[in-house]
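Remember, predicted model here, so these are calculated numbers, not experimental data. Below, read A as the first sequence line, B as the second, and so on, with proteins coming before strands; counting in each chain starts at 1.
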Amino acid sequence: MQHTNIILSLILISILSSLSSSRVLFLIKILVFQGVLVSLIPLFLREDMALGDGLFSVIMIGIRGILIPWFMYVIIKKIAIKKEVEPIIGYHASIFIGLAIFVFAIYISQKFNLPSQQKIPLLVPTAITTLMSGMFLVMARHKAITMIIGYVIMENGIYLVGCTLSTHIRYIVEFGILLDVLVGVMLMGIVLNNINKTFDDIDTTLLQNLKE
Amino acid sequence: MVESIIGLPLLAGIVAYSLPKKIGQWVVLCTGILHLVLTCLLWHFQSTPLFYPYLAITSEGLIVLLITSCLFVLTASYMISFMAIVDVPSTSVFTAAMLCFLSTMSMVALADHFMVFWIAIEATTLSSAPLIFIYRTRKSLEATLKYLVICSVGIALALLGSLLIRVSTELCDKTIPFTFSHIIPIAKSLDIKWLKAGFIFILVGYGTKMGIAPMHTWLPDAHSESPSPVSALLSGALLNCAYLGIFKCHKVLYAAGIGSFSGTLLIVFGLISMLVATIFIIKQTDYKRLLAYSSIENMGIIAFGTGVGGLAAYGAMLHLIYHAFIKSSLFLCSGNILIEFGTKQIEKITYMTQRLPKTSIAFFAGVLGISGFPPFGIFLSKLFIILGTFQKGYYIYASIFLFIICVLFAGLLKYAMIICFNESDQTTEPKFYKAESYAMVWQVILMLTISVLLCFWMPSPLSSTILQAVAPIGGGH
């Protein structure tokens, strides 16, 4: 119980720092940190541990914590980006919004009345905060790479929500979802790389040829 | 047998990746034909799948599968002539992605488990993305990035929605498989609060993929920037697949006794989509975007009809079928126009009746069909939807609906007249007539013929399947 709360607080800190950072490399480090922590959560929620659960967590850490961030790292090395340009919403405002999201998440999670909530009160608010902050990052940043990072954070949040809500995890189904996310991130990376060749920059402000 | 419908195109895709260009195209066509044969066999025998709780045969799934399969065969045969004229780079990726796209769409049609359905929908996004950016131009890359990011984020919300519905089932019965067909019988005892929340997220999520406004922004870009055969598939087949998710979820809510909640949401979002599409159609300069916005409008009509229920739900299911065929035919026509004129600008197309006589007839007929002119099927489906709406007593909705389709009719026809009969510019000389061979027109004519034919003669298995599909949402009478 105590361990779970510590892990959840660490996830919250990782979210706040992701909202405040302008350096893409730092964001990817946060992604590693967050991916590993999120994959560990189901282990702590369960009373009885089977070998399958342990193995599944290892695979999750492998994909969420290592494979996806590593792929993002390869992309940013290839297209040589270091910093987010002027964000749509500034970093201080972003942190403030992150905190506001957290307060909102605590407020709304009290209304859910889920069985897992009595045991670990921080679980539902963290899940909602992660999800919404990820969405916020997708909307509030110019660089396409930061949007993809936001998408991965959002997906981490949905996984946490899944852990909170349902006790039965079908491994094959979870694995299918994760595979989709992985391939999605890879494809976005490939498209980004191609855009970089034709545009010389991946600022989404330049991606405005198509509009009415 | 059910698995082979998903597995065969996937395997063929892997094989086609390693084959040279010429053979790869024929592999696509042959796989498409084989897929169609298997689909027809499935319609006849309705065997139980091996992975039973995950996959299942449903009436609405069968309809979508049949549409997808028919369109794929016709598009694949068009593609062979298309690729002989247009230079498509990295052909092996293109053919492999086409077949994977077919495989994932079949998986959507056959999936019954909430999560498997989600996986399949996301997989359609991923397998169609390489098809859109195949030319690697600035615009197509931009369109693909938008498509991937907006759809992935949207569909992630649908995953959240599925999880919320999962909560409502777990509060009721922990052992039941999380599939649409298992949940519908026990829907009455589910927790309504969670179901409603889940439906909203699923509507937003799959609605993004289906092109429901205001989440539609990726659609005009992706449909206009992709090669024309791909646009035909995206518009005719993929949007239906996304609709399937919303439809199935609406069935669950209807069975739970809160069909009016989901129905009203569908009606409102449907009308918003139609309105947004109309606004963009009236001032349009690009004919492929014009067709893409028309897809948004038609998806709005389908959502509207499904929401109203009764006769309108039957009309919506018919609309799904007719729209798929007519819109695909229009996108294939737009491919011919693009080859001949080399531009997507409406006002630069002159003397089309002389330069592309067959295509111009088919295009004009298609526009008449899509805007609801008899004898094409959409006339019938729109009539059913309007009658159904009046029958239910939704007079305000019906009048808004009628107003929008009148404006749309005017907007679409205005541009169709300009495209087909603009003879203002005297200077342009006809350049080449490559796109006018019968090899690139017969598919279009066949699609239009199917839509007319289905109006007068509906095979009894098809009509009974449509009735079965809409019966759980109170449709059909």
Side-chain angles (χ1 to χ4, degrees), chain A residues 111-115 127-128 131 134-135 138-139 144 147-148 150-152 154-155 157-159 161-170 172-199 202 204 206-212, chain B residues 51 54 113-116 118-123 125-127 129-130 132-133 136-153 155-157 159-160 162-164 166-167 169-171 174-175 177-178 193-194 217 220-222 224-225 279-280 283-286 289 293:
Chain A
K111 303 197 165 184
F112 286 172
N113 209 9
L114 284 167
I128 297 172
L131 173 65
M135 269 190 92
V138 174
M139 290 184 282
M147 288 183 169
I148 302 176
Y151 170 63
V152 175
M154 185 183 162
E155 220 289 320
I158 290 178
Y159 180 69
V161 173
C163 294
T164 320
L165 298 181
S166 122
T167 45
H168 301 277
I169 298 173
R170 299 226 177 259
I172 180 90
V173 170
E174 285 293 327
F175 189 68
I177 294 172
L178 204 55
L179 200 68
D180 266 356
V181 174
L182 178 67
V183 177
V185 170
M186 282 180 166
L187 262 174
M188 288 178 204
I190 292 167
V191 176
L192 265 191
N193 193 18
N194 271 304
I195 289 179
N196 191 51
K197 280 182 198 155
T198 40
F199 281 82
I202 48 162
T204 46
L206 293 174
L207 292 177
Q208 278 172 2
N209 288 310
L210 294 172
K211 60 179 179 187
E212 298 302 330
Chain B
F51 303 100
Y54 296 114
H113 193 277
F114 273 82
M115 298 302 173
V116 175
W118 185 88
I119 293 169
I121 286 275
E122 177 69 19
T125 314
L126 303 177
S127 55
I132 299 173
F133 78 101
R136 292 200 170 71
T137 56
R138 288 170 77 116
K139 282 184 173 176
S140 69
L141 283 165
E142 180 184 336
T144 316
L145 193 69
K146 269 188 191 170
Y147 173 58
L148 274 174
V149 173
I150 295 175
C151 281
S152 295
V153 171
I155 297 170
L157 290 177
L159 180 62
L160 185 66
S162 307
L163 287 171
L164 294 177
R166 168 104 224 191
V167 177
T169 58
E170 287 213 347
L171 289 174
K174 272 191 193 302
T175 53
F178 189 40
K193 200 173 62 187
W194 289 106
T217 43
D221 299 346
S224 64
E225 292 310 317
I279 293 165
F280 285 104
K283 285 231 158 282
Q284 194 51 259
T285 52
D286 177 330
R289 289 180 86 86
Y293 277 111

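Closest non-hydrogen pair, B/Lys193 versus A/Lys111, comes out as NZ-O, 4.1 Å. B/Leu141 and A/Asn194 get closest at one heavy-atom pair: CD2-CB, 3.5 Å.
For chain B, the nearby parts of A/Met188 are the backbone and the side chain; heavy atoms of each come within less than 4.5 Å. A/Met135 touches chain B through its side chain: at least one heavy atom from C-beta onward sits under 4.5 Å away, while N, CA, C and O do not. For B/Ala129, the part lying near chain A is the side chain, with the backbone staying farther off; criterion is any non-hydrogen pair under 4.5 Å. Residue contact with chain B, scored on non-hydrogen atoms closer than 4.5 Å, involves the backbone and the side chain of A/Val183 alike. No part of A/Leu179 comes within reach of chain B, as not one of its non-hydrogen atoms sits under 4.5 angstrom from that chain.
The CZ atom of B/Phe133 sits 6.5 Å away from atom CG of A/Leu187, with the distance rounded to the nearest 0.5 Å. Here the CG atom belonging to B/Leu145 is positioned 12.5 Å from the CD1 atom belonging to A/Ile190, to the nearest 0.5 angstrom. To the nearest 0.5 angstrom, B/Leu159 atom CG is 5.0 Å from A/Ile177 atom CD1.
Residue with the most contacts toward chain B among A/Val138, A/Ile148, A/Leu131, A/Ile158: A/Ile158 (heavy-atom pairs, distance under 4.5 Å). Chosen from B/Leu126, B/Val153, B/Thr217, the residue pairing most often with chain A at heavy-atom distances under 4.5 Å is B/Leu126.
In this structure the side chain of A/Tyr151 never reaches within 4.5 angstrom of the side chain of B/Val149, judged on heavy atoms. At least one side-chain heavy atom of B/Leu157 sits less than 4.5 Å from a side-chain heavy atom of A/Met154.
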